[in-house]
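Here's the structure, in structure tokens; my notes come after.
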2 protein chains.
Amino acid sequence: MGRGADGLSIGDVAKATGLGVHALRFFEREELFLREIPRTAGGRRVYGPADVEWLLLCNRLRESGMPIATLKRFARLVRSGPGNEAERLALLEEHERTVRDRIAELTASLEIIHGKVVTYRKHVEEGTAAGLWSPAPTA
Amino acid sequence: MGRGADGLSIGDVAKATGLGVHALRFFEREELFLREIPRTAGGRRVYGPADVEWLLLCNRLRESGMPIATLKRFARLVRSGPGNEAERLALLEEHERTVRDRIAELTASLEIIHGKVVTYRKHVEEGTAAGLWSPAPTA
DNA sequence: TTAGAATCTAGAGTGTGATCTAGGTCAAGC
DNA sequence: GCTTGACCTAGATCACACTCTAGATTCTAA
């Protein structure tokens, strides 16, 4: 953007958040922002730093597996102002549990995968790799 | 299924692996098995225990985020017999790295989310929750 | 022997989350 | 003034991984 204050164009915000401009417009259609994003006289979106901060949290929530639908619920709660903090808390606690479960699941899978890797590595190093897994699984 | 030996019907395998029968047929179309699944005279699939074991590993790989395309590459390597163990190892090592990275990412997000939870919890308990996040983000 | 459950194939449909297209409009620098 | 690049909308399309449909066939058990 450029001129006074700190209004940010959609391109600026895309750069700042890593989200594409298409994604930002999509987020807006989906009502994932905490407010109506204002426009210039010419109809262009003008974002503020708080929008960027919110998007950065959204990124964290999204990349930790929160679906858009849940993010939308959270955004709606925040948008509707003070008074529902217990609900927001419950939503975040639930998500925290989900993330912990996911980490546990991944860790369990990792152990199995690592076991396979160790086995293959040993066999490949020893040149005894034949029959690691063909008709009947061995490793 | 039921009669002699241990041939398993698609329904048996679905039960044993948690995959749906549709998914099993899909896997076959996608060449994700380590062999051609034999058929009865009537054209029904007859699976063996090794197929189930392979599917259980597939489940681990899938649920740890391996895309079907990669699983397919791995299956193709195993199917094409001994001699490519180094490639299989490389594929698994790569996936192991991916999973570790994912866990690290989730752990980082978790910390941030947990931070939010703690903040909200404190405010909700104290009844001082107002303004936690409205026009200007505070927490 | 016959009903009903399970299976078969080929192909269409679904949900999620973007991402892109077409056909413009707006704005900044030369 | 004009070029150029960023931006606009609405809607189509994509990728992934299933999941289901339709209509026919096969198997099992009463």
Side-chain angles (χ1 to χ4, degrees), chain A residues 1-5 7-33 36-48 51 55 57-75 95 98 102 109, chain B residues 1-5 7-33 36-48 51 55 57-75 95 98 102 109:
Chain A
M1 224 146 186
R3 56 100 191 63
L8 299 162
S9 74
I10 195 170
D12 296 336
V13 175
K15 250 168 257 159
T17 61
L19 294 159
V21 294
H22 294 297
L24 289 169
R25 292 193 273 248
F26 168 74
F27 269 43
E28 188 170 323
R29 272 203 299 283
E30 294 293 312
E31 310 203 282
L32 295 172
F33 282 96
E36 292 288 301
I37 303 302
R39 305 294 183 109
T40 65
R44 288 154 182 231
R45 293 167 178 84
V46 184
Y47 299 87
D51 300 311
L55 287 170
L57 176 63
C58 288
N59 278 347
R60 280 307 186 171
L61 294 173
R62 290 281 306 116
E63 91 186 6
S64 58
M66 182 181 285
I68 294 281
T70 307
L71 192 49
K72 197 176 205 158
R73 276 206 297 128
F74 187 53
H95 184 58
T98 303
R102 181 72 185 129
S109 292
Chain B
M1 225 143 186
R3 57 98 190 64
L8 300 163
S9 75
I10 195 169
D12 296 336
V13 175
K15 250 167 259 159
T17 61
L19 294 159
V21 295
H22 295 297
L24 289 169
R25 293 193 274 248
F26 168 76
F27 269 45
E28 188 171 322
R29 273 202 299 283
E30 293 292 313
E31 311 203 280
L32 294 173
F33 282 97
E36 292 289 302
I37 302 302
R39 303 295 183 107
T40 66
R44 288 157 182 228
R45 293 166 178 85
V46 184
Y47 299 86
D51 300 312
L55 287 170
L57 176 62
C58 287
N59 279 346
R60 281 307 188 172
L61 293 172
R62 291 282 308 115
E63 93 185 4
S64 58
M66 182 181 284
I68 293 281
T70 306
L71 193 49
K72 196 176 206 157
R73 275 205 298 127
F74 188 53
H95 184 59
T98 304
R102 181 74 184 127
S109 292

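Just so it is clear: chains get the letters A, B, ... in the order the sequence lines come, proteins before strands, and each one is counted from 1. Treat the numbers as computed from the prediction; the structure is a model and nothing was measured.
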Provide, to the nearest angstrom, the distance between the [atom1] atom belonging to [X] and the [atom2] atom belonging to [N].
X	N	atom1	atom2	value
A:F26	D:dG11	CZ	C1'	14 Å
B:L24	D:dA17	CG	P	16 Å
B:L8	C:dA6	CG	C1'	15 Å
B:K15	C:dA6	NZ	P	7 Å
B:K72	D:dC18	NZ	P	12 Å
B:E63	D:dC18	CD	P	12 Å
B:I37	C:dT9	CD1	P	12 Å
A:R44	C:dG24	CZ	P	17 Å

Nearest-neighbour nucleotide for the [X] side chain, [options] considered:
X	options	result
B:I68	C:dG17, D:dA17, D:dG11	D:dA17
B:R29	D:dT19, C:dT19, C:dT7	D:dT19
B:R39	D:dC7, C:dT19, C:dC8	C:dC8
A:R62	D:dT9, C:dA18, C:dC8	C:dA18
A:S9	D:dC7, C:dG17, D:dC8	D:dC7
A:H22	D:dT19, C:dT21, C:dC8	C:dT21
B:R25	C:dG17, D:dC7, C:dT7	C:dT7
B:R45	D:dA17, D:dC8, C:dC8	C:dC8

Counting C-beta onward and ignoring hydrogens, is there a side-chain heavy-atom pair between [X] and [Y] closer than 4.5 Å?
X	Y	result
B:F27	B:T17	no
A:R25	A:E28	no
B:L61	B:T70	no
A:R39	A:R44	no

Check whether any side-chain nitrogen or oxygen of B:T40 sits under 4.0 Å from OP1 or OP2 of D:dC27, and answer yes or no. yes

Is the backbone of A:F33 close enough, under 3.5 Å, to the side chain of A:D51 for a donor and an acceptor to pair up by distance?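 No: the side chain of A:D51 does not pair with the backbone of A:F33.
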
Start at the 5' end of DNA chain C and walk down; is the nucleotide closest to A:A41 or to A:F27 reached first? A:F27

